[in-house]
Structures are given as structure tokens and as C-alpha cells.
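In what follows, every chain begins at residue 1, and chains take the letters A, B, ... in the order their sequences are listed.
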2 protein chains.
Amino acid sequence: MKKSPPKLRFAVLAADTVLCTIRDKRLFVRLIAVNRPPHFRHAWGLPGGLIHPTETAEEAARRNLSVKAHIGASTLYMEQLYTFSAIDRDPRGRVVAVAYLALIAWDALSPQEQRDTPETRWVPMDAVGALAYDHNEILKAARKRLRSRAASTTILVTIMPDEFTLTELENAYECIMKTDLDKRNFRKKILKLKIVRALPKKRTLGRARPATLYRFASPDVTEIKIL
Amino acid sequence: MKKSPPKLRFAVLAADTVLCTIRDKRLFVRLIAVNRPPHFRHAWGLPGGLIHPTETAEEAARRNLSVKAHIGASTLYMEQLYTFSAIDRDPRGRVVAVAYLALIAWDALSPQEQRDTPETRWVPMDAVGALAYDHNEILKAARKRLRSRAASTTILVTIMPDEFTLTELENAYECIMKTDLDKRNFRKKILKLKIVRALPKKRTLGRARPATLYRFASPDVTEIKIL
DNA sequence: CCAAAAGTGTTATGACTACACCCATGA
DNA sequence: TCATGGGTGTAGTCATAACACTTTTGG
């Protein structure tokens, strides 16, 4: 994951990213293969890498996401999560990591970005096993942050497709919050808050009644109590 | 503030702390003198300094608070705030700062810690002028975090004295949230939440009716919707 | 007896929860 | 015509906000 850090008098800085998307009513994270004997063989971990002196932590996170995880999408939402500085978090040396939470809509990804390769995979959140370094801890912090943001901001703009049905939106909340929501109450609340606008179209899916499509009223993430 | 960073291939890591307390119905921050010509002369800034390879970011924050701001209290509450990595945030070189929010009760401080010196001062939050580096930005993030924590956790345990009156608690919320609260509604809510316990004592202050003293039910900071 | 701060209750409004059936469509 | 998912309303409960006067003490 990180290039072998030179033996310096100070800690080396890295940026690691938890990139999530939603597909088929499930949350997925992007993982990359980590193969760094003797500590990690055939392991998986979060995409990340060293921060160059000429870039900010977020720029480094984006660059490494592109280089290591092959995700170059520029519409990626990123927010800083936490800085992990435990002394032994990287067995190869003193590496402090600034962790980011990143979100993107599945269909804002290119076919290449959607694809799994031997080096990169989209893994369902609750199927993630033991990761390299302290990445399980980072992942846990990311899930918590995502839940709290979903409850109190319009952060789902960044992970929903451009147009969606209210059922899809409800499913997104449900898989992020890990709760069941009442369909009627959910719709009432979302519509009352006026965070989405109905479009003059419907989408038919299989042999069922067509669903009204909606779009977020604003593309910005704003603070508003939702759940 | 930070020792002159050697010219390294990578950024140097520092920890800066926004230490707050409440005194006389007002929020105060601890500042230290910054005198580093040619960039900063007779300026003030947040206490902070480099992170040693053998310590975590939080340990470095505590150590620098003790060394630079003469605050050695071990009961200090600390929570990581944000990592500031703008390339030019320190005019002397590439320094990335992990910022912390720290809280302590005014009367948990020793007389030395309460005192101002030519090098260190307690400054009322809204009387803070232009600080060195990007420290105004850090301060702003700290105020915002403090407000949000006060509204949704029992974080005031860490800044209230051991025993206090409900009026004092209300004043603490008011100066943190920058709002006026209704006395009756505030008391009802706080008592219903059972986050404080009345003590079998009262405190008389001047020629007025004595006030019941309270203590937090738990010394831990827990999540609970308060305001 | 006066000044100062402590303490206390009610009402109206809005939010939240729980809950079950009909609708529109394609197969 | 049936299977599938879309869509809707009400009633009970609880939290919130607005609001003013009495109590206890020391000076």
C-alpha cells in the first residue's frame, strides 16, 4: 500500500480512502490487493499511499485512489474522516494516515471502474474480512460517519444516481442506517423536507406499476435533520 | 510554535490544540505567544508542536500543551478535530497539523495554569484576533465541533466543575451554543434525561435563594440528544 | 422590605409512530 | 387474472416552545 518509508526522524504521512457506493440495495467498498511480505501476503486493504510534499492530504487521497484503485472519477465526494497515528499501525515504519470517506453513485462509474480485477475489488460492506494494517478500524469509523451524515445531511446526493425512485432512496437509507423504515412515514418526511423534486417521468421496472422519478433539489450536501 | 522543520522529502507532522474552558459565563481559549520573524512577530497562536516518532498525535498534543502552554492537567478531555494540510499553511515549510479540541473545567486548573503570563493567555473566544498560521481556521472548526458535541453528547461533563447549579449548566450551554435557552424548558429536559443528579446540598451566592447543586450522573461522554 | 437569583406548570402546536389496503402495469 | 412493486391517510402519543409568577435568602 505505502511505498517503503525511508528511515526518517519523523513520521511519514499517508492518505487512505474508504470509497463506498450503493449497488443492488447494498453498500460496497473498494478494496485493493496488499502483498507486502513478510507482514501481509494476499491480503486486502484500503486504497491509499504517501502524501507528496506538493499536494494536500485530499489531493493525495484522490491521486492514490486513481493510481491504486483505478477510480479516476472527478465527481467523487470526499470528506476527511480521522487521522490514525498509532505507533505500530504500519509494521514497516512510522506511518500516520489521514483517512477519507469517499462516496460515488454506482452509475457515475465507468465500466472499468465498476469492474473487479485481481488487484481491485468492490466488496459488500458486511462481507469485508480482515484487512491489512489498521484498515478494519478505519472502515468502522467510515461506516459510523456515513450513518451520522446520512441522518443529518443530504449526503445521499453524492451516492444516489441522478434520477431515482423514492423506493430506491429508502433502500439507500436502509442499507446505510441498517434499519427498516416505514414506507409511508419515509415518503412523508422526505417530501415535507423538500429535498427532492418529482420529475415528469416514470420508470417501469418489470411487470409492476411505474414509479415516479425524483432528483435532489440541490446538488450540494447541506445540514438538515432527516432521520 | 513549531521548531524549524528540516528540509525533508516529506511533510512534517505537528499537533495543535484548541483548549477551552468556561469562566464567568464565557468561553476561553488558551493561546501562546508566537514570535518567529520574519513571518510572525508578537503574534498569538494555538499551542502545538511537532509529533515525535515515538508518540501518537494525541500524545504530542498533550506534551506540547504542557510544554508550550503550561497546562499539565491530566484530566484534560481531548478529541481529534481535523487534519490541516494546506500546502502553505506554515510559511516556513511543509507542516501538516493534526488539530485537537481539548476541554477542561476552570477549577480543575491549578493557579499556575489559570494564570496568564507574557507567553500564555486565556482569551475569551469572541475576543480572539488574528492568529498565526491557519489558526483562526482551526479555531473556527473547534467552535463548530464543540457546538455540535454539546447538542448531542454529554460533553459538558468535561468542562463543568464537579458540582454545579442548573443555572450554571444552562449558562454553559448558552455560551457554547450562542443561544438563549428558556429556563423552565431547559430544566425539564435536563432532568428528564437524567444526566444529572441533585446533591443533598445547596449553595448560597450573595443575598439570593440558595441553589441546589448537581453532579453529572456519569463521568463519561455519551451520545444523547440534548438540545 | 428590597434586591437577587432559584424554582415551578400549563397549553398549543408540530413531529413521530404504527398500521393496511388499493393502484397501475406487464407477463 | 395475477404477480409485482408503487402509492396513499389517520389516529394516538410524545416532544417542543411559549409564556410569568412565587420562593428563599442576605443585605
Count the heavy atoms of every other residue, nucleotide or ligand shown that sit under 6.0 Å from CG of Leu205(B), and state whether that count exceeds 12. no

Min and max contacting nt of DNA chain D in 5' to 3' order, chain B heavy atoms within under 4.0 angstrom, are dT16(D) to dG27(D)

Per nearest nucleotide of DNA chain D, the residue lying toward the 5' end, Lys188(B) or Leu213(A), is Leu213(A)

Task: From CA spacing to verdict: side chain to side chain donor-acceptor pair (under 3.5 Å), Ser85(B), Thr56(A) - done: CA-CA 5 Å; Ser85(B) 69; Thr56(A) 64; 4.7 Å; no

Residues of residues 168-187 of chain B with a heavy atom under 4.0 Å from any atom of DNA chain D, listed by number, are Asp182(B), Arg184(B), Asn185(B)

Walk me through whether Glu79(A) and Tyr100(A) qualify under side chain to side chain contact (heavy atoms under 4.5 Å, CB included).
CA-CA 6 Å; Glu79(A) 99 173 37; Tyr100(A) 282 83; 5.9 Å; no

Quiz prompt | Charged N-O contact under 4.0 Å between Glu170(B) and Lys183(B) | solution = no

message = Does the Lys NZ or Arg CZ of Arg23(B) fall within the cation-pi geometry relative to Trp122(B) - under 6.0 Å from the ring centre and within 45° of the axis?
response = no

Whichever of Lys189(B) and Ala208(A) has the more 5' nearest nucleotide on DNA chain D, that residue is Ala208(A)

So salt bridge (Lys or Arg N to Asp or Glu O under 4.0 Å) across residues 193-202 of chain B, not counting sequence neighbours, yields Glu163(B)-Lys201(B)

The side chain to side chain donor-acceptor pair (under 3.5 Å) partners of Arg62(A) (sequence neighbours excluded) come to Glu58(A)

Residues in residues 190-204 of chain B with a heavy atom under 4.0 Å of DNA chain C, by number, are none

Chain B reaches DNA chain C, atoms under 4.0 Å from its heavy atoms, from dC2(C) to dT10(C)

Please find out if less than 6.0 Å separates the ring center of Phe40(B) from that of Tyr133(B).
yes

Item to check | Arg89(A) bridged to Asp16(A) by N-O distance under 4.0 Å | outcome: yes

* Could Arg30(B) and Glu113(B) be called an ion pair, given the rule that one side-chain N must be under 4.0 Å from one carboxylate O? -> no

Lys/Arg-Asp/Glu bridge criterion (N-O < 4.0 Å) met for Glu174(B), Lys25(B): no

What about Tyr214(A) and Phe164(A), are their ring centers closer than 6.0 Å?
no

Look at Glu168(B) together with Arg203(B) and state whether they make a salt bridge at an N to O cut-off of under 4.0 Å. yes

